[in-house]
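Remember, predicted model here, so these are calculated numbers, not experimental data.
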Amino acid sequence: MMPRALLGAGLAVVLAGCVSTVGKVVTAPVKAGAKAADWMTTSQDEADRNRGREIRRQEEAARKACRKEGRRDCGED
């Protein structure tokens, strides 16, 4: 009777590790898919930041063109 109890306790410890590993293996593809989707999409914050950069580039190009024309009031602060 005692060896079966020890065997059962030993199996419980070993299987607990296996269940943990199986859980990680099963969730890995889901996590990888979520990460790929995150890399492929642009958040609203990123879109706003990129739009702000583009507007600043356009404003700077307009100021340079204005100065090149020789005008004094080119929108500089």
Side-chain angles (χ1 to χ4, degrees):
M1 194 59 119
M2 186 60 118
R4 284 186 179 177
L6 289 176
L7 181 62
L11 282 175
V13 170
V14 171
L15 288 177
C18 290
V19 169
S20 173
T21 302
V22 168
K24 290 178 185 174
V25 169
V26 169
T27 59
V30 174
K31 290 181 181 179
K35 184 58 90 173
D38 186 40
W39 285 338
M40 293 172 56
T41 58
T42 303
S43 70
Q44 188 61 48
D45 183 48
E46 291 171 320
D48 292 344
R49 184 176 54 239
N50 293 341
R51 182 68 182 134
R53 287 179 182 159
E54 182 59 30
I55 290 170
R56 285 190 296 278
R57 281 189 202 113
Q58 290 173 356
E59 289 173 348
E60 181 60 28
R63 281 193 293 272
K64 284 182 180 180
C66 179
R67 286 192 300 263
K68 191 173 184 179
E69 291 174 2
R71 295 185 357 210
R72 291 186 157 260
D73 183 24
C74 294
E76 296 174 348
D77 296 329

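Taking the salt bridge (Lys or Arg N to Asp or Glu O under 4.0 Å) definition, one finds that Arg57 meets it with Glu54, sequence neighbours left out. Not counting sequence neighbours, the partners of Ser43 by the side chain to side chain contact (heavy atoms under 4.5 Å, CB included) test are Asp45, Glu46.
Taking both residues in full, the closest heavy atoms of Ala47 and Thr42 are given as N-CG2, 3.7 Å, listed atom of the first, atom of the second, then distance.
Using a 4.0 Å cut-off between charged nitrogen and carboxylate oxygen, Glu60 and Arg53 do not count as a salt-bridge pair.
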